[in-house]
Amino acid sequence: MRQDILKRFLTNTDETGRFLMKSRHTGIIYFVEPIYNGKTPEWGDLDPATKKITGSYGSKYTGAVTKKQSLITEENGFKNIGYCKGSPFGEIDRRDREHRERMGL
């Protein structure tokens with residue numbers, strides 16, 4: 001892993017939603033990067049009278065990145081790239097089980 005990519009991956013994690021997870025069973029470090037379809041989620045203050053969102057907070061702190069912003073690419077040195085819907089923890093558990101079975105653990 002190139003150090004510049006690792007540094008970028010771990011920068012502004014509140015905004016990007018990126019995180020690392022190290023498996024207790026296999027020691028594999030998983031890089032997780034939530035991807036959204038580019039539509040900025042609507043968030044702000046809820047006006048109790050009109051039930052509409054008010055305030056303009058822009059697209060900051062979406063907790064995800066677009067595919068175009070993704071750092072998890074083969075060009076950046078990543079292998080076994082996969083996408084999943086739902087919790088990334090379930091996918092990590094599945095991959096860990098497969099790895100342990102292949103290794104006879």
Side chains of Thr26 and Met103: closer than 4.5 Å at any heavy-atom pair?
no

Taking atom CG of Asn80 as the centre, report whether more than 12 heavy atoms of other residues, nucleotides or ligands fall under 6.0 Å from it.
no

Check Arg24, Glu91, Glu101, His25 against Asp96 for a side-chain contact (heavy atoms from CB on, under 4.5 Å) and give me the one that passes.
His25

Applying side-chain contact (heavy atoms from CB on, under 4.5 Å), run through Thr66 and Ile35 and close with a yes or a no.
CA-CA 5 Å; Thr66 63; Ile35 306 257; 5.8 Å; no

Flag the pair Ile92 / Val32 as yes when at least one side-chain heavy-atom distance between them is below 4.5 Å, and no otherwise.
yes

Would you check if Tyr83 and Lys67 make a side-chain contact, meaning some heavy-atom pair closer than 4.5 Å?
yes

How long is the straight-line distance from CG of Leu6 back to CG of Asn76, given to the nearest 0.5 Å?
11.5 Å

Worked check of side-chain contact (heavy atoms from CB on, under 4.5 Å) between Arg18 and Leu71:
CA-CA 10 Å; Arg18 294 178 178 126; Leu71 293 176; 3.6 Å; yes

Quick check: closest heavy atoms across Pro34 and Gly17, and the distance to 0.1 Å?
CD-O, 3.2 Å

Give a yes or no on whether Tyr30 and Phe9 share a hydrophobic cluster (residues Ile, Leu, Val, Met, Phe, Trp, Tyr; joining criterion: side-chain heavy atoms under 4.5 Å apart).
no

Quick check: is Ile29 connected to Ile81 through a chain of hydrophobic side chains (ILVMFWY, heavy atoms under 4.5 Å apart)?
yes

Does CZ belonging to Arg94 count more than 12 external heavy atoms closer than 6.0 Å?
yes

How many angstroms lie between atom OG1 of Thr13 and atom CG of Leu20, to the nearest 0.5 angstrom?
9.5 Å

Here the gap from Ser23 atom OG to His99 atom NE2, rounded to the nearest 0.5 Å, amounts to 8.5 Å

Can you check whether Ser70's main-chain N or O pairs, donor with acceptor, with Glu33's side chain at less than 3.5 Å?
no

Test side-chain contact (heavy atoms from CB on, under 4.5 Å) applied to Ile5 and Phe78, step by step:
CA-CA 10 Å; Ile5 297 299; Phe78 288 92; 4.1 Å; yes

Would one find more than 12 heavy atoms of other residues, nucleotides or ligands at under 6.0 Å from atom CD of Glu74?
no

